[in-house]
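Take a look at the structure set out below.
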Amino acid sequence: MGVEDFRLKPARTRIAPSPTGRFHLGNARNALFDYLLARKTGGQFILRFEDTDRNRYVPGSEEEIARVLDWMGITPDESPFHGGQYGPYRQTERRDIYHQHAQILVDKGHAYPCFCSPERLEKMRKEQEAQKLDRVQYDGLCRKIDPDDAARRVANGESHVIRFKMPKEGTTTAHDHLRGDILTENKYMDDYVLLRSNGLPTYHLGAMVDDHEMKITHVLRSAEWLPTFPLHVQIVRAFGWDEPVWVHLSVFLKPSGKGKMSKRDSAAAMKDGYSIFLDDLRSLGYIPEGVLNWIALMGWGVAEDELMTLDQMLERFSIDTLTPSPAAINFQKLDHFNGAHIRLLAIEDLAGRIKPYFTGAGLEVQNDALLKITPLIRERLVTLDDCLAFASFFFKDEVKPNPEDLIAQGLDVRQSAEIAKKVYEILSSLPDISHQIVEPPLRSYVESSGLSANQVFGILRVAVTGQKVSPPLFESMEIIGREKVLQRLKMAIELLEKI
RNA sequence: GCCCCCAUCGUCUAGUGGACUAGGACGCAGCCCUUUCAAGGCUACGACCGGGGUUCGAAUCCCCGUGGGGGCACCA
């Protein structure tokens, strides 16, 4: 690879998904940019699971995330599966660390125990809403408790959470790399919960602590975090730590541009053969090169030469050229890039990737034939599974054309049958069925007969391939072989005569 | 309702005060190539949200609108 840019300090980046659902486009783009930045600077890309919400935990999602990253070719340098010197990389395995850090904040006077019950909070919120208050936030009841009293109650085992003591006055200036300074009046910020009553941290504490402990230099995350950005900056400052470079990535909008892409829309996308989930995209026949290129261009401004491999992206990537505005996803563009990257693959490579689709369909695949077929269909594939529609007939013993399709345009059944017979006559008289041998006599037949190439070759195509649309006819026949071609042609003549 | 972010072709974007007759890509339309379908090549259509400033000069800077998006949990 050797794209490390040593003018830049090695960056440590991370993707921190929660194993509560499936790995989607947003996650993938985040991971891609993380990876590019880390590689570009000779740093590390880390995978960490923020699995503190036990209620929403989905078994198997951790594995899916790791598998998808692998598939995309952006395997993390450190993760729960690969290890690393800053682990553990699962938040549920870091309880003590959060506990200690919450205590540090309490000791410093930046946080306090809150003993309010969920019921009281619920009631409080209802009342605030009833009063039509602009801000619905914690009323600060436990803020007033004497620290010694609070410590005693905690020691007695009283159920509590730890809240951040947000400054009530002044403004917080948070710096986003793409948007510049973002000023927020502190009165709009709540005393957020840092540590829950079950001892596990919320995102606000967990992510800040882990990013610091894991020496993350650049935090690339979704713009959905912007509203709590001031909080995060306040937490980091309360600890007295240096801030990472914050980069809030644009959110993905649904194709219509109306609203954020969500699970609901994924069902609709699936109906059209698309998905927002990477693992689905893989099984739908999309290749990582295409997917990567596609997502890279949403939220990253590349003026020209947009068709890029991962290595080419690496050469050009910079967080300075990322864009802050929301981006509507466009599946047609995914198709474009997927097809374009398929065309870029070496024949052997592509053959290896489409083979499983044939065998999966129960077809017996001969490798030498596959290698000859692949170049014929390469520029016709949008997704890998398209190979089935284009080339299954090569591996079948016989094809079953729709009799109607055997009738050439502008001709009737009888005429079509005559043509088929004549073509059979010509082919069977030839010693060989290679492209060079077959084409001249057929061409001269077309010319002398006054028919169009379209009509003659159309009949032959349907007869031999069983379909109206196929890879180039002569090359296809050569691969299928003389015997099978004649056999299929004969079958076609019989079909025509039966109409 | 309140807070925050964003604003160039239908979509993704280039553009950082004059080189803009606003560039590229996807899609769309047409043509060429052609045994089908593709691929490829060429051409067309297509945008600076509005109003005020600043300036000799604004897509580019500032303000106000408007529109879009996000967020208001012991979820992330």
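Keep in mind it's a predicted model, so treat the numbers as computed, not measured. Each chain gets a letter, A, B and so on, in the order its sequence line appears, and its residues count up from 1.
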Practice problem: I would like to know whether A/Phe277 and A/Phe23 meet ring-ring contact (aromatic ring centres under 6.0 Å, His included); could you show each step before the answer? | Solution: CA-CA 6 Å; A/Phe277 299 117; A/Phe23 197 78; 9.8 Å; no

Quiz item: How close or far is atom P of B/A73 from atom OH of A/Tyr192, stated in whole angstroms?
Solution: 8 Å

Quiz item: When rounded to the nearest Å, what value does the distance between P atoms of B/A58 and B/G50 take?
Solution: 15 Å

Quiz item: Counting only Watson-Crick or G-U wobble pairs whose two distances fall under 3.5 Å, which nucleotide matches B/C72?
Solution: B/G1

Exercise. Kindly state each residue pair satisfying side chain to side chain donor-acceptor pair (under 3.5 Å) with at least one member in residues 196-209 of chain A, sequence neighbours excluded.
Key: A/Thr52-A/Arg196, A/Tyr203-A/Arg221, A/His204-A/His232

Quiz item: Does the distance from a Lys or Arg side-chain N to an Asp or Glu carboxylate O, for A/Arg14 and A/Asp34, drop under 4.0 Å?
Solution: no

Quiz item: What distance, rounded to whole Å, do you find between the two C1' atoms, one in B/G10 and one in B/C45?
Solution: 12 Å

Self-check item: Pairing partner (Watson-Crick or G-U wobble, both distances under 3.5 angstrom) of B/C56
Solution: B/G18

Practice problem: Pick base, sugar-phosphate or nothing for A/Gly301, based on heavy-atom distances below 4.0 Å to the nucleic acid. | Solution: sugar-phosphate

Quiz prompt | Integer-rounded Å distance: B/A39 P and A/Glu475 CD | solution = 18 Å

Give every pair of a protein N or O atom and an N or O atom of nucleotides 74-76 of chain B that lie under 3.5 Å apart, one pair per line with the distance.
from, atom 1, to, atom 2, distance (Å)
B/C74, O2, A/Ser197, N, 2.9
B/C74, O2, A/Ser197, OG, 3.0
B/C74, N3, A/Ser197, OG, 2.9
B/C75, OP1, A/Arg196, NH1, 2.8
B/C75, OP2, A/Arg196, NE, 3.1
B/C75, OP2, A/Arg196, NH1, 2.2
B/C75, O5', A/Arg196, NH1, 3.3
B/C75, O2', A/Asp53, OD2, 2.8
B/C75, O2', A/Arg56, NH2, 2.9
B/C75, O2, A/Arg56, NH2, 3.4
B/A76, OP1, A/Thr52, OG1, 2.5
B/A76, OP1, A/Arg196, NH2, 3.0
B/A76, OP2, A/Tyr203, N, 3.2
B/A76, O3', A/Glu50, OE1, 3.0
B/A76, O2', A/Ser18, OG, 3.4

Quiz item: Among B/U35, B/U36, B/U13, which is the nearest nucleotide to the side chain of A/Ser470?
Solution: B/U36

Quiz item: What does B/U34 pair with, Watson-Crick or G-U, if both distances are under 3.5 Å?
Solution: none

Practice problem: Could you measure between the two C1' atoms, the one in B/A47 and the one in B/U13, and give it in whole Å? | Solution: 12 Å

Exercise. With sequence neighbours excluded, give me every side chain to side chain donor-acceptor pair (under 3.5 Å) pair touching residues 467-478 of chain A.
Key: A/Arg461-A/Ser470

Exercise. Kindly write out the residues that satisfy salt bridge (charged side-chain N to carboxylate O under 4.0 Å, His left out) with A/Glu439, not counting sequence neighbours, or none if the list is empty.
Key: A/Arg443

Quiz item: In whole Å, what separates the C1' atom of B/G71 from that of B/A76?
Solution: 13 Å

Quiz prompt | Listed partners of A/Asp139 passing salt bridge (charged side-chain N to carboxylate O under 4.0 Å, His left out), at least two apart | solution = A/Arg120

Exercise. Can you sort out which residues in residues 291-298 of chain A have a heavy atom within less than 4.0 Å of RNA chain B? Ascending by number, please.
Key: A/Leu297, A/Met298

Quiz item: Going from CG on A/Leu205 to NE2 on A/His99, what distance comes out if it is rounded to the nearest 0.5 angstrom?
Solution: 11.0 Å

Quiz item: A/Asp335 has an atom CG; how far is it from atom P of B/A39, in whole Å?
Solution: 11 Å

Exercise. Please determine, for B/U11, whether a Watson-Crick or G-U wobble partner exists with both distances under 3.5 Å, and give it or none.
Key: B/A25

Quiz item: Do any side-chain nitrogens or oxygens of A/Lys468 fall under 4.0 Å of OP1 or OP2 in B/U35?
Solution: no

Self-check item: C1'-based separation of B/G51 from B/A7 [nearest Å]
Solution: 16 Å

Exercise. Would you mind classifying the nucleic acid contact of A/Ser250 as base, sugar-phosphate or nothing, using non-hydrogen atoms under 4.0 angstrom?
Key: nothing

Quiz prompt | B/C48 - base-pair partner by Watson-Crick or wobble geometry, distances under 3.5 Å | solution = none

Quiz prompt | Neighbours of RNA chain B within residues 439-450 of chain A, by heavy-atom distance under 4.0 Å | solution = A/Arg443

Exercise. Under 4.0 Å between any heavy atoms, over every strand shown, what does A/Gly339 touch: base, sugar-phosphate, or nothing? Just pick one.
Key: nothing

Self-check item: Proximity to RNA chain B (any heavy atom under 4.0 Å), residues of residues 376-393 of chain A only
Solution: A/Glu379, A/Arg380

Quiz prompt | Length of the line joining A/Tyr274:OH and B/C26:C1', which is rounded to integer Å | solution = 11 Å

Self-check item: Footprint string (nucleotides 1-7 of chain B, 5' to 3'): B base within contact, S backbone only, - free, heavy atoms under 4.0 Å
Solution: BSSSSSS

Exercise. Describe the nucleic acid contact of A/Gly299 in one word from base, sugar-phosphate, nothing, applying a heavy-atom distance below 4.0 Å.
Key: sugar-phosphate

Quiz item: Can the positive tip of A/Arg48 be found less than 6.0 Å from the middle of the six-membered ring of A/Tyr89, inside 45° of the ring normal?
Solution: no

Self-check item: Electrostatic pair A/Glu122-A/Lys126, nearest N-O below 4.0 angstrom
Solution: yes

Quiz item: In whole Å, what is the span from the CG atom of A/Leu307 to the P atom of B/C26?
Solution: 10 Å

So which protein nitrogen or oxygen atoms get under 3.5 Å of nucleotides 19-23 of chain B's nitrogens or oxygens?
none

Self-check item: C1' atoms of B/A59 and B/U16, separation to the nearest Å
Solution: 11 Å

Exercise. Compute the centroid of each ring, for A/Trp300 and then for A/Phe317, and state whether the two points are separated by less than 6.0 Å.
Key: yes

May I have the list of side-chain donor-acceptor pairs in residues 160-171 of chain A shorter than 3.5 Å, sequence neighbours left out?
from, atom 1, to, atom 2, distance (Å)
A/His160, ND1, A/Glu158, O, 2.9
A/Arg163, NH1, A/Asp191, O, 2.7

Practice problem: Check salt bridge (charged side-chain N to carboxylate O under 4.0 Å, His left out) between A/Arg94 and all other residues, then give those that pass, not counting sequence neighbours. | Solution: A/Asp210

Quiz prompt | A/Lys333 NZ to B/G10 C1', straight-line distance once rounded to whole Å | solution = 12 Å

Quiz item: A/Asp305 CG to B/G24 C1': how many Å, rounded?
Solution: 9 Å

Quiz item: How close or far is atom C1' of B/A38 from atom NE2 of A/His336, stated in whole angstroms?
Solution: 14 Å

Practice problem: Considering only atom P, compute the distance from B/A25 to B/G41 and round it to an integer number of Å. | Solution: 10 Å

Quiz prompt | Separation of the P atoms in B/C26 and B/G40, to the nearest angstrom | solution = 8 Å

